[in-house]
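Quick notes on the structure that follows.
Within every chain, numbering begins at 1; the chains are lettered A, B, ... in the order of the sequence lines, protein sequences first and strands thereafter.
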Protein chains: 2
Amino acid sequence: MATSLHAHVVEHLGSRIVSGQVPRGSILLAADLEQRLQVSRSVIREAIRVLAQCGLVTSTKRVGIRVMGAESWNPYDDHVIRWRLASDQKGTQLRSLTELRISVEPMAAELAAEVAPETMRKELMMISAQMSHYGRQGDLRRFLELDIRFHALVLAASGNEMFANLSTPIGAILRGRTELGLMPERPHEEALLWHQSVADAISNSDSASARKNMESIMRRTHNEICSLWEGQPRLFVDPAKDTK
Amino acid sequence: MATSLHAHVVEHLGSRIVSGQVPRGSILLAADLEQRLQVSRSVIREAIRVLAQCGLVTSTKRVGIRVMGAESWNPYDDHVIRWRLASDQKGTQLRSLTELRISVEPMAAELAAEVAPETMRKELMMISAQMSHYGRQGDLRRFLELDIRFHALVLAASGNEMFANLSTPIGAILRGRTELGLMPERPHEEALLWHQSVADAISNSDSASARKNMESIMRRTHNEICSLWEGQPRLFVDPAKDTK
DNA sequence: TTATTTTTATGCCTGCACAGATTGGTGTCA
DNA sequence: TGACACCAATCTGTGCAGGCATAAAAATAA
């Protein structure tokens with residue numbers, strides 16, 4: 001996958017920092033990394049640049065490359081999200097993402113009902129019909145893929161690119177949920193109807209109904225997986241960084 | 001500010017791409033950029049790496065550095081947000097951010113009432129008291145700074161780092177609103193009371209009231225500035241990128 | 001159409017000079 | 001003696017210049 005060399009280095013260092021194998025406050029030296037990873041300076045430097053962009057490190061002269069703590073990480077960076085999901089902070093990351101989607105998706109549904117282009121409304125209807133079909137049939141694999149497409153499409157149809165951009169990590173949540181066996185044998189009939197109702201409402205420009213039914217989906221989805229992060233610590237980021 | 005050379009190049013190229021001066025689909029050549037900007041290859045390469053991370057460009061062998069369209073940009077990247085706010089997409093960016101904060105802040109207030117540490121609850125009370133004071137006095141400058149701190153603190157107190165991370169762009173919205181003269185002579189008494197009520201509710205762990213009052217703030221804030229983006233086009237990102 | 005060669009821009013490597021921050025020493029003054 | 005200001009050594013990232021390797025598009029041949 002990661003074909004280029006520097007992408008490998010980003011992956012290597014990033015995953016180790018996020019997992020805690022390289023603790024916060026550590027000082028890395030570019031020259032060391034060259035030797036340890038057997039790559040040239042240019043590769044190291046480009047990788048460090050990317051990691052600095054993610055907030056994982058800062059590099060200063062005469063001191064080296066300082067590893068930053070989790071408060072500094074960019075929680076919207078796809079790399080960071082992936083690494084966190086693969087670490088023991090998985091619960092915390094899933095909770096944050098879920099709280100975010102619970103907040104956002106009802107609004108996205110409401111907006112979609114107002115502004116979505118016709119093609120997207122039609123596609124939404126098709127997808128929800130197929131979801132009902134495969135859901136009742138108990139084909140969880142196909143249902144999962146349709147579910148992911150459904151939510152991605154609602155987010156995109158809102159015409160808000162910040163919403164649309166959440167489809168990848170939200171897809172990751174949904175995949176994680178079924179992989180961890182948190183999905184029932186076959187989807188609840190209620191859930192199927194709610195999805196159908198969201199699609200109908202968006203199709204009919206009924207924004208209130210779209211929001212309401214999406215809220216129902218969110219409530220149930222939350223109940224189904226909130227057990228995952230029970231007892232996980234929360235991350236309180238002090239907003240004292242204003243004091244430049 | 002941007003002390004390092006490569007940061008300058010990032011700034012230069014990034015702002016030009018976002019503003020449309022370098023149109024999507026353009027092909028930049030590293031060798032050209034070296035000459036035009038009078039910097040060395042390593043600087044160009046590191047800058048391109050950062051821009052690629054933002055989704056502004058992709059560089060492929062034998063073809064060059066391709067400038068991507070707005071659908072590919074990372075809408076949560078601080079650079080991208082800043083550049084968009086400085087371009088003629090300002091309206092679109094403000095709308096997206098506002099829709100996002102309308103979705104998120106009520107949930108943040110609700111969570112804060114449940115999980116915020118004691119120090120943050122107290123600070124929130126202090127800030128809201130000062131907001132009332134300077135607000136009634138008509139000191140808009142101080143009120144603005146307090147308002148920014150208030151919302152940043154609620155987001156942080158939610159214990160959700162994805163929420164907390166939105167404080168910077170949300171602060172930018174609030175600043176922009178007063179700069180553009182969209183604020184009344186002095187804050188509405190209602191707004192002051194709502195802020196006070198949010199702080200009280202969080203302090204008393206009354207999550208329902210915290211959400212309700214924050215929703216009121218959001219409703220009013222939306223009405224005050226939604227005129228800014230009237231007629232601005234929406235960005236529909238087709239989620240067909242799943243077809244790897 | 002299909003296979004092969006050529007072209008060409010990025011990816012990667014290395015040696016060198018510079019800038020700026022930390023550290024420790026030096027000297028001055030109380 | 002001890003506190004403090006100043007200066008120099010040193011260390012590490014930053015930037016520069018050039019070279020070779022390689023992959024993918026384009027042109028050519030089969």
Side-chain angles (χ1 to χ4, degrees), chain A residues 1-14 16-17 22-69 72-73 79 241 243-244, chain B residues 1-17 22-69 72 79 241 243-244:
Chain A
M1 186 186 222
T3 154
S4 64
L5 243 187
H6 90 267
H8 265 116
V9 174
V10 169
E11 201 62 30
H12 180 88
L13 291 177
R16 275 165 199 259
I17 290 173
V22 183
R24 62 184 300 161
S26 305
I27 302 289
L28 307 177
L29 265 43
D32 283 4
L33 295 175
E34 281 182 50
Q35 280 213 327
R36 290 221 324 262
L37 306 181
Q38 289 292 309
V39 293
S40 73
R41 250 180 328 196
S42 50
V43 172
I44 294 291
R45 293 184 38 171
E46 287 166 36
I48 293 302
R49 210 54 80 197
V50 172
L51 294 174
Q53 175 97 345
C54 301
L56 296 202
V57 301
T58 60
S59 80
T60 55
K61 280 183 178 171
R62 169 60 212 238
V63 41
I65 298 153
R66 168 170 287 116
V67 175
M68 306 298 285
S72 307
W73 304 346
H79 290 125
K241 56 185 172 184
T243 59
K244 39 184 175 177
Chain B
M1 186 186 227
T3 157
S4 63
L5 200 39
H6 93 269
H8 265 117
V9 175
V10 168
E11 201 62 29
H12 180 88
L13 292 176
S15 56
R16 277 165 197 259
I17 290 173
V22 183
R24 62 186 298 161
S26 305
I27 301 288
L28 306 176
L29 265 44
D32 282 4
L33 294 176
E34 281 182 49
Q35 280 213 326
R36 289 220 326 262
L37 305 182
Q38 289 292 307
V39 293
S40 72
R41 225 184 309 183
S42 50
V43 171
I44 294 290
R45 289 177 52 87
E46 287 169 34
I48 293 302
R49 255 330 61 92
V50 171
L51 293 173
Q53 175 94 346
C54 301
L56 297 201
V57 302
T58 60
S59 86
T60 55
K61 277 193 167 178
R62 168 56 213 238
V63 42
I65 298 152
R66 168 171 285 117
V67 175
M68 307 298 284
S72 307
H79 290 126
K241 55 185 171 184
T243 59
K244 37 181 178 178

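- Counting all heavy atoms, side chain and backbone alike, G55(A) lies closest to M68(A) at O-CB, 3.5 Å.
- Rounded to whole Å, the distance from CD1 on I44(A) to C1' on dT14(C) is 14 Å.
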Base contacts versus sugar-phosphate-only contacts with protein, heavy atoms under 4.0 Å: please encode nucleotides 13-21 of chain D as B, S and - from 5' to 3'.
BBBB-BB--
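- Of all heavy-atom pairs spanning L56(A) and W73(A), the tightest one is CD2-CD1, 3.2 Å.
- When side chains are defined from C-beta on, V57(B) does not count as touching R66(B), because their heavy atoms never get closer than 4.5 Å.
- Nearest heavy atom pair, residue C54(A) against residue Q53(B), reads SG-NE2, 3.2 Å.
- Regarding Q35(A), its CD atom lies at a distance of 14 Å from the P atom of dC13(C), rounded to whole Å.
- The interatomic distance linking E34(A) (CD) with dC13(C) (P) rounds to 9 Å, in whole Å.
- Each of V9(A), L28(A), V39(A), V43(A) was checked for a side chain to side chain contact (heavy atoms under 4.5 Å, CB included) with L33(A), and the lone residue meeting it is L28(A).
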